[in-house]
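The next block holds one structure in the form of structure tokens; read it before the comments.
Note that these values count all heavy atoms, side chains included, but never hydrogens, waters or copies made by symmetry.
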Protein chains: 2
Amino acid sequence: MTDGSEDGADEKKPTARLGVREIAKRVGVAPMTVSRVLSNPDMVSPETRAKVLQAIEQAGFVPNRLASSMRGNGRMIGTVVPPLINSGIAEQVQGMSDECHESGYSMLLAQGEFTQEAEEKAIRTLLGWRPVGMILQSFVQSETARALLTSSGAPVVEISEIKGRKPLDMVVGVSNFETAYAMTMHLAAKGYKRIGFVSTPVHGNDRLQQRRTGYNAALAELGFKNRGDMEVEVPITAQGGAEALVTLTSRHKDIDAIFFSSDTLAVGAVQECHRRGWAVPGRIAIAGYGDIDLAAQLFPPLTTVKVNRYEMGRRAVRQLLARLGGDTKVPTITSLGFEIVDRDSA
Amino acid sequence: MTDGSEDGADEKKPTARLGVREIAKRVGVAPMTVSRVLSNPDMVSPETRAKVLQAIEQAGFVPNRLASSMRGNGRMIGTVVPPLINSGIAEQVQGMSDECHESGYSMLLAQGEFTQEAEEKAIRTLLGWRPVGMILQSFVQSETARALLTSSGAPVVEISEIKGRKPLDMVVGVSNFETAYAMTMHLAAKGYKRIGFVSTPVHGNDRLQQRRTGYNAALAELGFKNRGDMEVEVPITAQGGAEALVTLTSRHKDIDAIFFSSDTLAVGAVQECHRRGWAVPGRIAIAGYGDIDLAAQLFPPLTTVKVNRYEMGRRAVRQLLARLGGDTKVPTITSLGFEIVDRDSA
DNA sequence: CTGTTAGCGCGTTCAC
DNA sequence: GTGAACGCGCTAACAG
């Protein structure tokens, strides 16, 4: 049944499946020895080791990590992220990926901006692979998902808002409230008195919610007015930013500054200003969030909130690995700093 | 040894590991029945099925895909991609991811721009997970890696240059040669006579190599000169684009157009022009590649080459799945179209 | 240092 | 429609 090409003899099937077993047979040692060469080379005598390694090389043998994982030696980290396009998430993924590979782990990726059901499904799928740890890009919404995560026993890092809801396990992030509060105050300090706020849809996104809250907290403290009419939600595209600018400036003739919750939006708005011949910040000041690569090069250079997304990704993985390494006093919450980068656009 | 908390009695360990076995026991059926409920529900009587599903739900059981994979029922696709930042690759990843999840597959991601050794290592790691298929973002360089891939038996899609080296298996992509040739001709047709070319480092990147070749082929056909001094390589950042603009314009006072191999670079160059008060395209024309979201919103709107990266990602996965589904006459090469988007910057 | 034994969770015969 | 037994590739634990 297996292969009809050779005689029925039981010797030397040409297609014998490659495994530690087969390698062991070829070298004349026990499978366990091969396994040790792979994971604890020091426990094997140099000569044996050399012979085994050579056989492995020559056979093109790649150890089966599925089997290792089943025996409790998993090296996979599962992660679910929002859409990569325009969002700055790409840098986080890069950071996670770099850190993972440097430590010999692989990264399983699931994507989507989530309804509770979709989030739950993604998490369920990931958990099916029995990852040794999970990294999520926001607080988990669904109760079922939280239960699943907990009972999986895998450590979890949420990259999210630092304050607020009780984390499932560990959190890495910045206080979005603080950043937005700080930027709003910064704009006020520079003399702007009518400050608008533009973001992508906040529903179900605790980071954006906190930014909006921070903005409003600052306004309240300053005694500035906002009956909700200083805020707009748009899709995360340059066009969205341009449209928000139009909406807000036509709604409020005297608006003098707009704080965008994403550099992508801010860049779009600046282009719209050029198109209309409006001076930035003369006619209207523009501030962004994220400090993307383009921000410093933009004309005029963009005032923005700098958060080190790449580092956030790395940290998340590092915390996970520390916990896995048995480090019992890994911090539950890691708050990365941020910076208000004051350039010319505001 | 397993758990010291309960009495030594052999009944009802509270932490009995959850598997089909355990679910089966709770419902009072055989493990196989549970398995069938999961994969071939129709083979089980409705009442039994309902009971099983309920037990699964209530226990929070997530089937172990590692085990399924070991039995030849894998649902994982491995992929190695260049850095996500600024590169437009994010859209491809999004496309792959969407298509994967819609079809019930998971995506294992490895990253890096590659030396041969790094590429080989990444591929080896991925193959360790026994993916049912692999998607690579360029032609595989290393002979060893090619051998590994081949002997793994997994179908492979290279997202790459369409023409040139013989593909390992399947290819999805555009002809970068054609696109660059077309854009260069387009610029010439609009009257530009001194056309420069800027790209990120082409070494080891067949797509960029083909773009440069296409550009040069067009120049030659047009009778335009380029002794290599009309070309510059810079990092893939907005700043890189700005610097390339400066380099090229100071080297050639009469240069009248620059074709950037990436929109990111072109956007940076346009900002530099604003800074210098140069009219675009009056003083110098700028063309990009990729048609990123910002391109259409840029001031002035960017003339660029549009390739549907998201769709490329989806197609790659679809080809893989078609092959896996037993479709024997899956095309080996899929060439997606492209479009010269003529806007105002050139 | 090396070999032996047992079993991870599931799918797959092949009987009933 | 259902169940029992075996094996996938690897490795922890214990001998030798």
*Return yes if some donor-acceptor pair links the side-chain N/O of R314(B) with the main-chain N/O of C100(B) below 3.5 Å, else return no.*
no
*Are any of the side-chain heavy atoms of I77(B) and L321(B) separated by less than 4.5 Å?*
yes
_Quick one, T79(A) and L136(A) - any side-chain contact, counting heavy atoms below 4.5 Å?_
no
*Over all atoms of both residues, closest heavy-atom pair of Y105(A) and G74(A)*: CE2-O, 4.2 Å
*Whole-Å distance separating the CD atom of E22(A) from the P atom of dC10(D)*: 11 Å
Between protein and nucleic acid, restricted to nucleotides 9-11 of chain C and to nitrogen or oxygen atoms under 3.5 Å apart, what atom pairs and distances do you find?
unit_1  : atom_1 : unit_2 : atom_2 : d
dC10(C) : OP1    : N64(B) : N      : 3.2
dC10(C) : OP2    : V20(B) : N      : 2.4
dG11(C) : OP1    : S68(B) : OG     : 3.4
dG11(C) : OP2    : S35(B) : OG     : 2.6

*asked:* Assess whether a salt bridge exists between E47(A) and K51(A), defined as any Lys/Arg side-chain N lying under 4.0 Å from an Asp/Glu carboxylate O.
replied: no
*Picking from V157(B), V132(B), D169(B), what satisfies side-chain contact (heavy atoms from CB on, under 4.5 Å) with L320(B)?*
V157(B)
*Heavy-atom closest contact (S152(A) atom, L149(A) atom, distance)*: OG-O, 2.7 Å
*Below 4.0 Å: OP1/OP2 of dG3(D) and any side-chain N or O of T33(B)*: yes
*With sequence neighbours excluded, residues passing side-chain contact (heavy atoms from CB on, under 4.5 Å) with M32(A)*: S35(A), R36(A)
*Specify the residues of residues 44-57 of chain A, ordered by number, for which at least one heavy atom lies under 4.0 angstrom from an atom of DNA chain C.*
V44(A), S45(A), T48(A)
